[in-house]
Number of protein chains: 2
Amino acid sequence: MTETLMTIRQMCDTFNVTPRTLRFYEAKELLFPIREGQKRLFTRRDRGRLKLILRGKRFGFSLEEIRQLLDLYHADDQQTTQLAKTCEIGELRLRAMQAQRAELDDAIADLKKQLEWGSAKLASLRAQNVAA
Amino acid sequence: MTETLMTIRQMCDTFNVTPRTLRFYEAKELLFPIREGQKRLFTRRDRGRLKLILRGKRFGFSLEEIRQLLDLYHADDQQTTQLAKTCEIGELRLRAMQAQRAELDDAIADLKKQLEWGSAKLASLRAQNVAA
DNA sequence: AGCACACATGACGTTAACGTAAACGAAACG
DNA sequence: CGTTTCGTTTACGTTAACGTCATGTGTGCT
C-alpha cells in the first residue's frame with residue numbers, strides 16, 4: 001500500500017525537489033501538510049497538488065497562477081459562485097495556452113526553416129573548402 | 001518609405017517597450033544601434049532582432065538563449081565552424097521546443113477535461129438550486 | 001549521558017529582467 | 001533667454017523562486 005502520509009524527505013525523494021521548496025510552497029499556500037508535533041506530514045492531496053505544481057512550472061506558469069489552477073482542480077466542495085469563477089479563470093488560461101501553442105508552432109516552423117538554410121549553407125561552404 | 005533609422009521613442013512606440021528595455025538589450029549585446037553624437041539610432045537590423053527577441057520572450061526563453069538564437073538567424077558572415085556550432089544550438093532548441101509543445105498539448109487536454117467536468121458540476125448544482 | 005540525524009525556523013543571498021530616480025546635455029519653442 | 005522635451009549615464013530598487021547558512025529542537029541509538 002502507498003503510505004497515506006509522507007515525511008518531507010520521502011516527498012523530496014519522490015518528486016525530486018528540496019525541503020526548502022516544499023516549505024516554500026507551504027508558505028505560499030500551495031500545499032497544506034498536517035503537523036505531527038513540529039514535523040510536517042504530507043497527505044495524498046498534497047502529492048496530487050505537487051504533481052500539478054511541477055507540471056505547471058514546466059510551462060512557465062507562475063506559482064500564483066498555479067495556485068489559482070489548483071483551486072479549480074480541487075473544487076469539489078466549492079460553492080456554485082466560487083466554482084463558476086474558477087471555471088472562468090480556467091477558460092482564460094486555456095485560451096492563453098492555445099495561443100501560446102499557436103505561437104510555438106510558428107516559432108518551430110521558423111526555426112526549422114533557418115536550420116535548413118544553415119545546413120545548406122554549411123554544405124556549400126564545405127564544398128568550397130574541398131575545392132580549395 | 002519606412003524610415004531606415006529610428007529614434008528610441010519611435011522604437012518604443014512601434015514595439016511597445018520602454019527605453020530602459022532597449023538600452024538594457026544594447027548592454028546585453030542583443031541590439032547594436034548606431035550613435036549620432038550621443039543618441040541611439042536603431043537600424044532595420046535592430047528592428048528585425050527586436051521582433052525575434054520579443055517572440056522568444058513569449059516562450060520563456062531567457063535573453064541569453066535568445067542571443068544565441070539571434071546569432072543563428074544572422075549567421076551569414078560566420079565561418080564554417082561557427083555556423084556549425086550555432087546550428088547545433090538551434091537543433092537543441094528545436095527539440096526542446098517540440099518537447100514543450102507535446103507537454104503543452106497534454107496540459108491543454110487535461111485542462112479541457114477539467115473544464116468540462118466543471119461545467120457539468122455547475123449545471124447539476126444549478127439544477128439543485130432550481131429544485132430547492 | 002552523549003551524539004548523530006532529521007526537521008524546524010529565521011534571515012540573508014542570488015539571478016533575471018527590467019523599474020525608477022537622480023543628475024546632466026542638447027535642442028526646440030515661445 | 002528660460003524652460004519644456006528627449007535623450008543619456010549611473011546606480012540603486014524590485015519580484016520570483018528558491019539556495020544557503022546559522023541556530024535550535026526532538027528522537028533514537030549505543
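Throughout, protein chains are lettered first and strands after them, A, B, ... in sequence-line order, and every chain is numbered starting at 1. Keep in mind the model is a prediction, meaning the values are calculated, not measured.
In this view, E64(A) and R67(A) satisfy the salt bridge (charged side-chain N to carboxylate O under 4.0 Å, His left out) rule, not counting sequence neighbours. For D105(B), the salt bridge (charged side-chain N to carboxylate O under 4.0 Å, His left out) partners are R101(A), R101(B), not counting sequence neighbours. For S119(A), there are no side-chain hydrogen bond (donor to acceptor under 3.5 Å, both in side chains) partners at least two apart in sequence or on another chain. For E88(B), there are no salt bridge (charged side-chain N to carboxylate O under 4.0 Å, His left out) partners, not counting sequence neighbours.
To the nearest angstrom, P of dA6(C) lies 13 Å from CD of Q10(A). The interatomic distance linking R9(B) (CZ) with dT8(D) (P) rounds to 10 Å, in whole Å. For the pair L30(B) CG and dC18(C) C1', the computed distance is 13 Å after rounding to whole Å. We find that CD1 of I34(A) is positioned 13 Å from P of dA8(C), with the value rounded to whole Å. As a whole-Å value, the separation of L41(A) CG from dC7(C) C1' is 11 Å.
Distances shorter than 4.0 Å separate none of the side-chain N or O atoms of T7(A) from OP1 or OP2 on dA6(C).
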Acceptor/donor pairs from residues 23-33 of chain B side chains to any protein atom, 3.5 angstrom cut, sequence neighbours excluded:
{"from": "E26(B)", "atom 1": "OE1", "to": "R40(B)", "atom 2": "NE", "distance (Å)": "2.4"}
{"from": "E26(B)", "atom 1": "OE1", "to": "R40(B)", "atom 2": "NH2", "distance (Å)": "3.2"}
{"from": "E26(B)", "atom 1": "OE2", "to": "R35(B)", "atom 2": "NH2", "distance (Å)": "3.4"}

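Judged by distance alone, with hydrogens and angles left aside, the side-chain atoms of D46(B) form a donor-acceptor pair with the main-chain N or O of T43(B) at under 3.5 Å.
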Quick one: what's the B/S/- string for nucleotides 9-28 of chain D, heavy-atom cutoff under 4.0 Å, read 5' to 3'?
B-B-----BBBB--------
